[in-house]
Amino acid sequence: MPRKYEIPDFLRGVQTQFNYERWLQRKAAAHIRRDRNRGNVLATQAEYKVAIHNAVKHSKGVDAYTGEELNWSLLSTYANEDSKLLKRSYKRKFDLLPTVDHVDDGKGAANFKICGWRTNDCKNDLNMKELLEFCRLIIKNSESTT
């Protein structure tokens with residue numbers, strides 16, 4: 001009988017079922033906390049786990065925004081102490097760490113995409129239209145200064 005959160009095929013040999021489910025649980029809990037703080041009192045752990053799991057399956061292992069192959073072996077390996085000590089040089093190693101990105105403001109139904117940490121960090125709270133406009137401004141400015 002298949003599991004409810006069966007590890008996607010592209011993760012087999014990269015992560016164990018146990019590690020995947022633990023990561024899924026942690027990500028759902030973190031996003032639930034954030035969204036409840038933003039006023040989404042209807043959000044449930046079960047809904048978020050399903051939505052995140054579906055986003056992972058849909059991702060096929062790549063960043064939803066850049067198309068880059070994500071490094072799924074990095075799940076649950078980030079160490080805060082090492083980050084504090086090594087700063088940027090440590091964080092750079094996690095650019096392609098898979099993260100869960102809200103497609104919207106988190107106040108409605110659970111809706112996520114999977115992207116790399118660097119992408120999620122750059123995107124922040126921007127919607128897709130705002131992100132594209134921001135990227136256009138960066139490109140336009142870089143072309144005028146080089």
Side-chain angles (χ1 to χ4, degrees), residues 1-38 40 42-140 142-143:
M1 183 170 165
R3 300 174 85 98
K4 185 171 185 176
Y5 304 110
E6 187 72 32
I7 191 168
D9 287 340
F10 68 85
L11 284 179
R12 292 191 191 285
V14 178
Q15 286 295 328
T16 64
Q17 180 70 40
F18 175 82
N19 286 346
Y20 175 69
E21 287 185 29
R22 185 179 66 178
W23 174 83
L24 186 61
Q25 175 69 32
R26 289 177 177 174
K27 293 300 150 190
H31 283 277
I32 275 269
R33 274 192 306 276
R34 183 192 122 172
D35 292 352
R36 284 189 178 152
N37 286 339
R38 291 181 172 189
N40 187 347
L42 300 177
T44 68
Q45 185 84 11
E47 173 193 21
Y48 274 47
K49 281 178 77 171
V50 167
I52 294 169
H53 179 62
N54 287 338
V56 170
K57 290 189 303 185
H58 185 261
S59 80
K60 297 183 179 143
V62 301
D63 186 306
Y65 300 100
T66 68
E68 294 171 286
E69 192 78 30
L70 296 172
N71 188 345
W72 292 86
S73 67
L74 293 174
L75 292 187
S76 303
T77 63
Y78 190 83
N80 286 327
E81 291 74 32
D82 291 343
S83 179
K84 288 176 188 172
L85 180 67
L86 301 171
K87 306 208 184 308
R88 286 183 181 181
S89 65
Y90 182 78
K91 189 176 177 183
R92 287 282 314 188
K93 296 174 187 177
F94 292 88
D95 283 353
L96 296 174
L97 167 70
T99 64
V100 179
D101 177 54
H102 275 87
V103 173
D104 50 31
D105 63 8
K107 294 180 181 176
N111 189 8
F112 302 108
K113 287 188 179 184
I114 304 300
C115 62
W117 189 7
R118 176 190 58 213
T119 302
N120 207 344
D121 204 27
C122 289
K123 183 180 173 289
N124 198 358
D125 287 333
L126 300 176
N127 64 37
M128 191 60 166
K129 182 179 176 185
E130 294 165 335
L131 176 63
L132 290 171
E133 183 56 34
F134 180 64
C135 290
R136 286 184 190 103
L137 288 171
I138 291 171
I139 291 167
K140 181 179 176 183
S142 71
E143 289 170 346

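- Side-chain N or O atoms of Glu143 include none that pairs as donor or acceptor with a backbone N or O of Lys140 at under 3.5 Å.
- Here the shortest heavy-atom pairing between Ala109 and Glu47 reads CA-OE2, 3.7 Å.
- Between Trp72 and Trp23, the two ring planes are perpendicular [angle over 60°; tilted spans 30° to 60°].
- Contact annotation: the side chain of Val103 never approaches that of Met128 to less than 4.5 Å [non-hydrogen atoms, C-beta and beyond].
- Rounding to the nearest 0.5 angstrom, the gap separating the NZ atom in Lys4 from the NZ atom in Lys49 is 8.0 Å.
- A donor-acceptor pair is defined here as one N or O able to donate and one able to accept, closer than 3.5 Å; no such pair exists between the side chain of Ser73 and the backbone of Val14.
- Smallest separation of non-hydrogen atoms from Leu74 and Leu97: O-CD1, 3.4 Å.
- Shortest non-hydrogen contact noted between Leu96 and Arg118 is CD2-NH2, 4.0 Å.
- At distances below 3.5 Å, at least one donor-acceptor pair connects side-chain atoms of Asp63 with backbone N or O atoms of Tyr65.
- Taking both residues in full, the closest heavy atoms of His53 and Glu6 are given as CE1-O, 3.0 Å, listed atom of the first, atom of the second, then distance.
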### From CA spacing to verdict: salt bridge (charged side-chain N to carboxylate O under 4.0 Å, His left out), Arg12, Asp9
CA-CA 5 Å; Arg12 292 191 191 285; Asp9 287 340; 3.2 Å; yes

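- In this structure, the side chain of Arg36 engages the main chain of Ala43 through a donor-acceptor pair within 3.5 Å.
- Within the 4.5 Å cutoff, the side chain of Leu70 has no heavy atoms near those of the Val62 side chain.
- Comment: Lys93 does not engage Asp82 in a salt bridge, judged by the lack of any side-chain N to carboxylate O separation of less than 4.0 angstrom.
- At least one donor-acceptor pair under 3.5 Å links the side chain of Lys87 to the backbone N or O of Lys84.
- Asn71 contributes no side-chain N or O that, together with a main-chain N or O of Phe94, makes up a donor-acceptor pair within less than 3.5 Å.
- Atom CZ of Phe134 has 12 or fewer heavy atoms from other residues, nucleotides or ligands within 6.0 Å.
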### Task
Apply the test side-chain hydrogen bond (donor to acceptor under 3.5 Å, both in side chains) to residues Glu21 and Gln25: give CA-CA distance (whole Å), side-chain angles for both, the deciding distance (0.1 Å), then the verdict.
CA-CA 6 Å; Glu21 287 185 29; Gln25 175 69 32; over 6 Å; no

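- For the residue pair Phe112 and Ala51, the shortest heavy atom distance occurs at CD1-CB, 3.7 Å.
- Nearest heavy-atom pair, Gln45 versus Ala28, reported as atom, atom and distance to 0.1 Å: NE2-CB, 3.7 Å.
- Judged by distance alone, with hydrogens and angles left aside, the side-chain atoms of Tyr20 form no donor-acceptor pair with the main-chain N or O of Tyr5 at under 3.5 Å.
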